[in-house]
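Below: one structure, written as structure tokens.
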Amino acid sequence: MGSLRKSKERSLLIGLVLTLLLSVIILRLFWVQTVNSDEWQAEALKNWVKNEKLKPKRGTIYDRTKEQLAWEEDAYYFVAAPKKVKDKKKTARLLAPILGIDEKVLLQKLQQKKDSVDLRDGSKFKFPSEVYDKVMELRKKKEIEGIYGYQTTKRKYSGNEAAHVLGFLRIDDKPAGGVESTYDKWLRGKEGYIRYIGAQNGMMITDEPEKNRPPVNGKDLVLTLDTRIQHQVELELDEAIKSYQAKGGTAIVADPKTGEILAMVSRPSFDPNNYAATIDDENRQNRAVESQFEPGSTFKIVTLAAAIEEGIFNPDATFQSGSIQVEDRTIRDWNNGRGWGTITYREGVEKSSNVAFVKLGQQLGAGRLVEYINKFGFGDITQKFGKKTGIDLPAEGRGYFFGRSPYPSELASTAFGQGISVTPIQQVAAVSAIANGGIWYKPHVMKEIWEPGLKKRIQTNQPKGRRIIRPETAKQVRELLRGVVKSGTGMQAELLGYGVAGKTGTAQKPDPNGRGYLEGKYVVSFVGFAPYDDPEVVIYVAIDEPSSEYGSVSGGEVAAPVARDILKKTLQIRAVQPSKQMAESIK
Amino acid sequence: MNKMRTSPDFVIVSAILLLLAIGVIMVYSASASFAYHKYGDPFYFAKRQLLFAALGVFLMFLIANLDPKKLYEWATPGLIFCFILLIVVLIPGVGILRNGARSWLGIGAFSIQPSEFMKLAMIAFLAKTFSRPDYQITKFSTGFLPGLAVLGAAFALIMLQPDLGTGTVLVGTGIVLIFAAGARMKHLFGFIMLGVAGFVALILAAPYRIQRITAFLNPWQDPRGAGYQIIQSLYAIGPGGLLGAGLGLSRQKHLYLPEPHTDFIFSILAEELGFLGAGTVIILFAVLVWRGLRVAIGAPDLFSSLVATGITAMIMIQAVINIGVVSGAFPVTGITLPFLSYGGSSLTLTLVAVGVLLNLSRFTRR
């Protein structure tokens, strides 16, 4: 047995040592909690304070009838915490069919040595609620773990119509093309911000946030488009491109009285709901505003209007058709220079005689021709580039001109639409001015801007017009163009009872490798309006490189019937009554 | 043995009840949101803690009134029983694997840690052995070594689970007992040198332990890894300041500190109640040290004295290590804070040990 006394002495010693240890601890605590307290607090605050951006809801885009074209939809994205995913292979195998992402891609993501990895592949990032439900079910059944779903919103489009007018939102929420781009500032809204003390998982642990600035949602857009007309134009253009095996095409329907675009189609196209898989460099282009090509005969309208305005045009005067010599160049009528003998200028317009317009151009002279082309919104042809109409769509083309004073032969060809390049929208704006009695309006697709939820209108887009010719001149041009459809090259565009007027165009495509034109490659077009005495709509149709077994692929053969079919539906939708008198007069 | 029986030490009783009350409140505060999210009941852990505290206090008073001879009689069979349990717990399928260690026996809430029982059994057995009339602790091969061998065998079994925390407390308590029994300093010193070498070997055998050591020396070296817990603990204690953030207002309990109601309960207490609260708890422990050793010093015989010293040492070693760890003074190891941390079997067992201490306090010569 040990000594009891010695044992008790040693117990005392043990007590002293333990007390010493407790004293050291209490001193350490005192140090940490007083002297160093502020330092620890400052460090800890970095952990506790959560700053979060609050995403605003992007505005909805409507057509003029308040039909939704683009809107935000609830969507979910998924994040994996690879360290918490135990069976990575099984998780990848189960998730692959649900997310539609390749199993190998998923597995590779799950094997990353990170705290969190987004489960995305290309544009496959945001998923609908059905996918979320399926993933959560797997998680509930403990089939998978370490996979988290978060709510977000996804841009949704009513379909693939008006794709070029709308544009789309990229995966990073940046707009690409269309009004999504031009009105991004309005649509986007303002990001909000919240600052609060939170748990490690981000949950707020105080009653009130330290700072809270809620997001301001984006404004809604009401476009000038009419989905019913748009739908018809999409159908008709597709059909024409298919039956003529064309490379592409474009069609525009506009209200000449305001410059509002009622429909705008470009082919080839893409699907804004699935842009990543469908878009390419070719089909992203909105040909209606971006493509630039020789207008051909449709441009004769400008020369005609100038000649009438300047009092040069006498419809009953005659000239020798067939061909005309300008300097070293012989300009022929389109029927291989055969012409129609000595005819009136009225007939010259109806038959689309190049000779007639060369003569008119010569009588106008360089100065006046240049001036009127400029007035009609195409820009100064002595410059290298033309002028944008200023339509509210991105990447508008300007037209391509001479870059110097043109030679007389160039002026002559300009008078009937050769040697210069213009855009479809420039032609629509110019012809609208004829249709509405001489006022040039800036074409536009945005009609109104509204508070979110169409609560209150805050802006209306009504560009001021600019008078460029007298109403009488416009009226005379309309009557002459009525003749083109009634008994000239545009007869295929006639629509019983509506008095269609317009002009066809068949332009050879320039050889991109050099001077001259490509044999047998045309851009055929028709530009017109109806009813001719008080036009309600302007229509433009262009088909790129149509081909036909029967040989003839002129604007009159290919584009005019498309224009007619579109006009028929459009005038019905716009509630324009057919005139009995006009229906009679056609007989 | 002297049979002069008086009332038990009410200072110890008061200190224990106070610590238990603080413990239940802090377990509730630390676990409420976690419990609500996991079990839908914010009182899930607090209710259980209260239940086990009540059971423990009942057992404590029961034992305080038993005949102290019983402990002496049960010491050897108790130790053998605990050794059997420590072997059984290692059998896969019998012992329950939790957090990488096979330390538990039983089913669900009715599971126990044999290593906890071993601590008390070891104290009783060593005290009984060292107080045997023919036992000479000062002799190396017949006195010092046999005690150490029993201790070493228990430690080895616990390390097979593995549970470094409980193993450390057991060895620490055993050494204190050997020291208090009057072992020669040169034997003890030699053993401690050997122990340090063994400790180093153990650490080198399991790399996560070396990470804990380096993290303790410089937690910022890997603030998201091993140093994470120490830093998170200091993020609670430091901002607590002198007066604390207020009861229930800890921020670090919100998933920053892992299981804030068990190993890190003291950090949450220091954050919510400040240095005032934390200091009070430490002073209560200091009171326990002296009242416990008072029992040992006033004991009528060597057995009682050694048991009292052993129990006091066991509780205090655990408290010092736990608070040392959470305040960044010691390396991280999983040890709960006696009376305060959530945990059924360890709380009950600590109170049983206090019951023994109280029992002995009734025979103190004043």
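First the proteins, then the strands, lettered A, B, ... as listed; each starts at 1.
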* Examine whether an atom of A:Ile26 lies under 4.5 Å from a heavy atom of chain B, and if so say whether it belongs to the side chain, the backbone or both; otherwise answer neither. => both
* Structure fact -> Applying salt bridge (Lys or Arg N to Asp or Glu O under 4.0 Å) to A:Lys89 and not counting sequence neighbours gives none
* **Pairwise distance CD1(B:Ile175) to CD1(A:Ile14) - rounded to 0.5 angstrom** => 11.5 Å
* So what's closer than 4.5 Å to chain B heavy atoms on A:Leu29: side chain, backbone, both or neither? -> both
* Asked: Hey, does A:Arg10 have a side-chain heavy atom less than 4.5 Å from the side chain of B:Val176?
  -> no
* To do: Would you confirm whether A:Glu43, through its side chain, and B:Tyr235, through its main-chain N or O, come within 3.5 Å as a donor-acceptor pair?
  => no
* To do: Evaluate the side-chain proximity of A:Thr19 to B:Trp290: yes if any heavy-atom separation is below 4.5 Å, no if none is.
  => yes
* To do: Locate the shortest heavy-atom distance separating B:Ile323 from A:Ile25; write the atom from each residue and the value.
  => CG2-CG2, 3.3 Å
* How about A:Trp40 and B:Ile237: do any of their side-chain heavy atoms sit closer than 4.5 Å? -> no
* **Minimum-distance pair of heavy atoms, taken over all atoms of B:Ile297 and A:Ser11** => CG1-CB, 4.4 Å
Listing, residues 145-153 of chain A side-chain donor-acceptor contacts under 3.5 Å, not counting sequence neighbours, or none:
from: A:Gln151; atom 1: NE2; to: A:Asp74; atom 2: OD2; distance (Å): 3.3
from: A:Thr153; atom 1: OG1; to: A:Lys55; atom 2: NZ; distance (Å): 3.2
from: A:Thr153; atom 1: OG1; to: A:Glu72; atom 2: OE1; distance (Å): 2.9

* To do: Find the distance between NE2 (B:His254) and CD1 (A:Ile205) and round it off to the nearest 0.5 Å.
  => 4.0 Å
* Got B:Arg251 and A:Ile197 here, is their nearest side-chain heavy-atom distance under 4.5 Å? -> yes
* Per-residue contact mode, A:Leu16 against chain B (heavy atom under 4.5 angstrom) -> both
* Asked: Taking C-beta and beyond as the side chain, do A:Trp48 and B:Pro239 meet within less than 4.5 Å on heavy atoms?
  -> yes
* Asked: Around A:Lys6, counting heavy atoms of other residues, nucleotides and ligands shown, do more than 12 lie under 6.0 Å from its NZ?
  -> yes
* Can you name the nearest heavy-atom pair linking B:Phe275 to A:Gln33, along with the distance? -> CA-OE1, 2.9 Å
* Asked: If you look at every heavy atom in B:Leu255 and A:Gln200, which pair is closest and at what distance?
  -> O-OE1, 3.2 Å
* With a 4.5 angstrom heavy-atom cut-off, could you sort out which part of A:Leu13 is near chain B: side chain, backbone, both or neither? => side chain
* To do: With rounding to the nearest 0.5 Å, note down the distance linking CG in B:Leu284 to CG in A:Leu22.
  => 11.0 Å
* Asked: Taking A:Lys8 for the side chain and B:Ala299 for the main chain, is one N or O donor matched with an acceptor at less than 3.5 Å?
  -> yes
* Side chains of A:Leu12 and B:Leu293: does their closest heavy-atom pair fall under 4.5 Å? -> no
* Of the backbone (N, CA, C, O) and the side chain (C-beta and beyond), which part of B:Val289 lies under 4.5 Å from a heavy atom of chain A, both, or neither? -> side chain
* Is A:Asp172 atom CG crowded by more than 12 heavy atoms from other residues, nucleotides or ligands, each under 6.0 Å away? -> yes
* Structure fact -> The interface call for A:Asp38 against chain B, heavy-atom contacts under 4.5 Å, is neither
* **Minimum-distance pair of heavy atoms, taken over all atoms of B:Pro300 and A:Leu4** => O-CD2, 4.0 Å
* Structure fact -> CG of B:Leu234 to CG of A:Asn36, rounded to nearest 0.5 Å, is 9.5 Å
* To do: Output the option from B:Met316, B:Lys253, B:Glu271 having the highest count of non-hydrogen pairs under 4.5 Å with chain A.
  => B:Met316
* Hey, does the side chain of A:Ser7 reach the backbone of B:Ala180 with a donor-acceptor pair shorter than 3.5 angstrom? -> yes
* **Atom group of B:Ala319 that falls short of 4.5 Å from chain A, counting heavy atoms** => neither
* **Per-residue contact mode, B:Leu306 against chain A (heavy atom under 4.5 angstrom)** => side chain
